[in-house]
Amino acid sequence: MKLTQRDKAHLWHPLTQHKTASAPLAIVKSKGALLWDEDGKEYIDGIASWYTSMYGHCNEYITAAITKQMQELDFVMFSGLTHKPAIELSEKLMEILPSNQAKIFFNDNGSTAVEAAIKMALQFHHNGGEKRDTLIAFENGFHGDTFGAMSASGIASYNAPFEDFLLKVERIPVPTDDTLAETLNTLDQILQNNKCAAFLFEPLAQGAAGMKFHTAAGLDALIKKCQEHQVLCVADEIMTGFGKTGTNFACDQLTQQPDIMCLSKALTAGLFPLSITSCSKEIYDAFLSDDVHKAFFHAHTFSAHPLGCAAAIAGLDLLNSPEIIYKRNWIEECHQAFVAKIKKHPKVKNARSKGVILAIDLAIDMDRYGSVRDELYQFFLERGLLIRPLGSTIYLLPPYVITEEELEKCYSMFEEVLNSFKLFNR
Ligand SMILES: *Cc1c(COP(=O)(O)O)cnc(C)c1O
């Protein structure tokens with residue numbers, strides 16, 4: 001029996017309406033920017049498996065590092081114990097994180113990194129004798145699917161059944177040059193009328209919102225105002241981190257520095273679920289006390305898994321290697337040229353790029369998870385490109401190691417959809 005048929009018996013997939021969804025692709029092999037299904041058909045992994053596999057699948061440098069690690073020390077808990085991979089990773093991260101980041105707290109996935117960030121922020125104020133009960137977050141933000149992270153997320157299609165059970169969150173729109181003054185005003189009102197603990201944001205690029213970009217100047221102004229009110233600023237760099245927006249972190253393009261940062265996804269080069277909540281010395285110091293209850297009582301069994309740390313260390317070696325820096329810049333330039341080429345196409349509502357992210361809003365109305373979106377998804381799959389359209393937005397976030405030929409193929413499929421896709425002719 002084929003894998004896709006065996007899958008049906010016992011598996012329940014994420015983000016899937018199993019009554020109507022077509023069978024999932026069974027992937028049996030991966031290398032570089034390519035995937036192969038059980039029939040031997042080849043696909044370009046156009047979004048690096050949810051922005052994780054940035055140095056390519058089955059990268060030998062990364063797999064060798066993990067293999068070596070698992071033969072020396074597989075796993076031990078991180079409460080009361082420590083190990084070299086975690087220590088070495090913290091040292092390496094300090095070299096590239098914003099200069100105010102001082103401490104690394106380990107978790108095991110993106111949502112739990114955000115969850116820890118929210119709890120850190122709430123307890124920071126609690127330890128200081130203040131009850132602050134409100135979070136501030138962007139409209140249409142995405143921060144994960146656990147309750148705290150989900151509360152901060154502003155995409156209604158994910159949250160509707162849980163709305164009555166969420167943390168208290170006030171929302172502000174992502175500012176543009178034109179609306180910044182107004183947004184600062186709204187923020188002022190929120191700060192006056194609530195006891196705000198933290199402001200969570202995806203810096204410069206909102207992934208799940210449809211790869212929407214905003215300027216550093218606007219975000220800087222919001223962070224500055226929040227920090228003036230001792231509202232801790234939490235940069236969720238789970239998607240943007242490790243080079244996606246052109247710099248190592250999107251926050252590198254800001255003047256202000258976040259108090260807390262969340263890292264995951266490309267952190268481990270796509271090899272292992274691991275995440276980090278980093279923070280400034282000021283935050284960490286607020287948990288130091290002779291009173292044991294002022295400590296951060298939060299742990300995940302697999303925190304700081306040595307295999308994940310080993311993958312992350314190897315990933316950092318690659319991130320700023322001459323080869324990868326060359327490819328990062330090259331993809332950025334190719335994207336810019338492609339945007340310039342198709343920008344004026346009548347079926348393009350908006351085309352944009354930032355770093356290695358390229359996004360096109362198609363001039364068509366459709367639901368985020370409707371049948372038209374599925375047709376679009378299948379259109380690319382049939383031609384050998386795996387991407388996940390976000391409603392009418394199609395985007396690429398390819399592994400840095402994608403070849404010129406592969407990238408050209410992606411672009412020509414995007415052009416094909418603009419010129420021939422039957423959706424437009426209804
Ligand atoms: C993916 C993502 C998350 C959630 O991470 P998981 O590992 O899927 O829980 C949170 N924030 C952002 C910005 C993300 O892209």
Side-chain angles (χ1 to χ4, degrees), residues 13-16 45-54 105-121 135-155 157-159 162 166-167 169 171 174 198-214 219 233-245 248-251 258 260-278 298 300-305 308 311-312 315 354-357 359 368 387-388 390 393 395-397:
H13 289 265
L15 301 177
T16 302
D45 187 354
I47 59 164
S49 288
W50 263 337
Y51 340 131
T52 61
S53 260
M54 297 310 291
F105 188 88
F106 280 101
N107 309 284
D108 51 12
N109 67 63
S111 301
T112 57
V114 173
E115 213 67 35
I118 292 171
K119 286 177 69 175
M120 241 180 226
L135 304 176
I136 305 169
F138 278 140
E139 288 166 4
N140 293 318
F142 179 74
H143 298 288
D145 284 344
T146 52
F147 264 84
M150 180 170 59
S151 303
S153 298
I155 299 175
S157 56
Y158 296 139
N159 291 355
F162 314 109
L166 302 178
L167 300 178
V169 179
R171 287 197 194 282
V174 174
F199 168 38
L200 285 93
F201 52 87
E202 294 164 271
L204 305 192
Q206 290 186 297
M211 293 296 155
K212 295 280 197 307
F213 304 146
H214 54 270
L219 183 56
C233 290
V234 180
D236 177 351
E237 293 245 16
I238 292 166
M239 193 275 284
T240 51
F242 306 99
K244 272 64 161 277
T245 64
N248 286 334
F249 300 100
C251 285
I260 298 177
M261 291 175 77
C262 303
L263 309 172
S264 189
K265 292 203 164 119
L267 168 68
T268 57
L271 256 283
F272 208 88
L274 183 79
S275 68
I276 282 171
T277 309
S278 70
H298 180 102
H300 295 290
T301 306
F302 286 118
S303 300
H305 200 298
K354 190 185 281 295
V356 300
I357 310 169
R368 188 178 176 88
I387 57 167
R388 284 182 64 86
L390 292 159
T393 303
Y395 71 98
L396 285 178
L397 202 167

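The structure presented is a predicted model; accordingly, all values stated were derived computationally and were not measured. For ligands, and for the atoms within them, numbers begin at 1 and follow the listed sequence.
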- Taking only residues two or more places apart in sequence, or in another chain, which ones meet Thr277 in a side chain to side chain donor-acceptor pair (under 3.5 Å)? Asn107

- Message: Is any side-chain heavy atom of His143 closer than 4.5 Å to one of Leu200?
- Response: yes

- Message: Is the terminal nitrogen or CZ of Lys354 (NZ for Lys, CZ for Arg) located under 6.0 angstrom from the six-membered ring centre of Phe213 and within 45° of that ring's axis?
- Response: yes

- Query: Are the side chain of Lys244 and the backbone N or O of Met239 linked by a donor-acceptor pair below 3.5 Å?
  - Reply: yes

- Who are the side-chain contact (heavy atoms from CB on, under 4.5 Å) partners of Ala311, not counting sequence neighbours? Ile62, Ile66, Thr268, Leu271

Per-pair distances, 0.1 Å, donor-acceptor, side chain in residues 110-121, under 3.5 Å, sequence neighbours excluded:
from	atom 1	to	atom 2	distance (Å)
Ser111	OG	Asp145	N	3.1
Thr112	OG1	Asp108	N	3.4
Thr112	OG1	Asp108	OD1	3.0
Thr112	OG1	Asn109	N	3.1
Thr112	OG1	Asn109	O	2.9
Glu115	OE1	Thr146	OG1	2.3
Glu115	OE1	Gly148	N	3.3
Glu115	OE1	Ala149	N	3.1
Glu115	OE2	Gly148	N	2.8
Lys119	NZ	His298	ND1	3.0

- Below 4.0 Å from any atom of ligand 1, which residues have a heavy atom? Give them in chain and number order, please. Asn109, Gly110, Ser111, Phe142, His143, Gly144, Glu202, Asp236, Ile238, Met239, Lys265

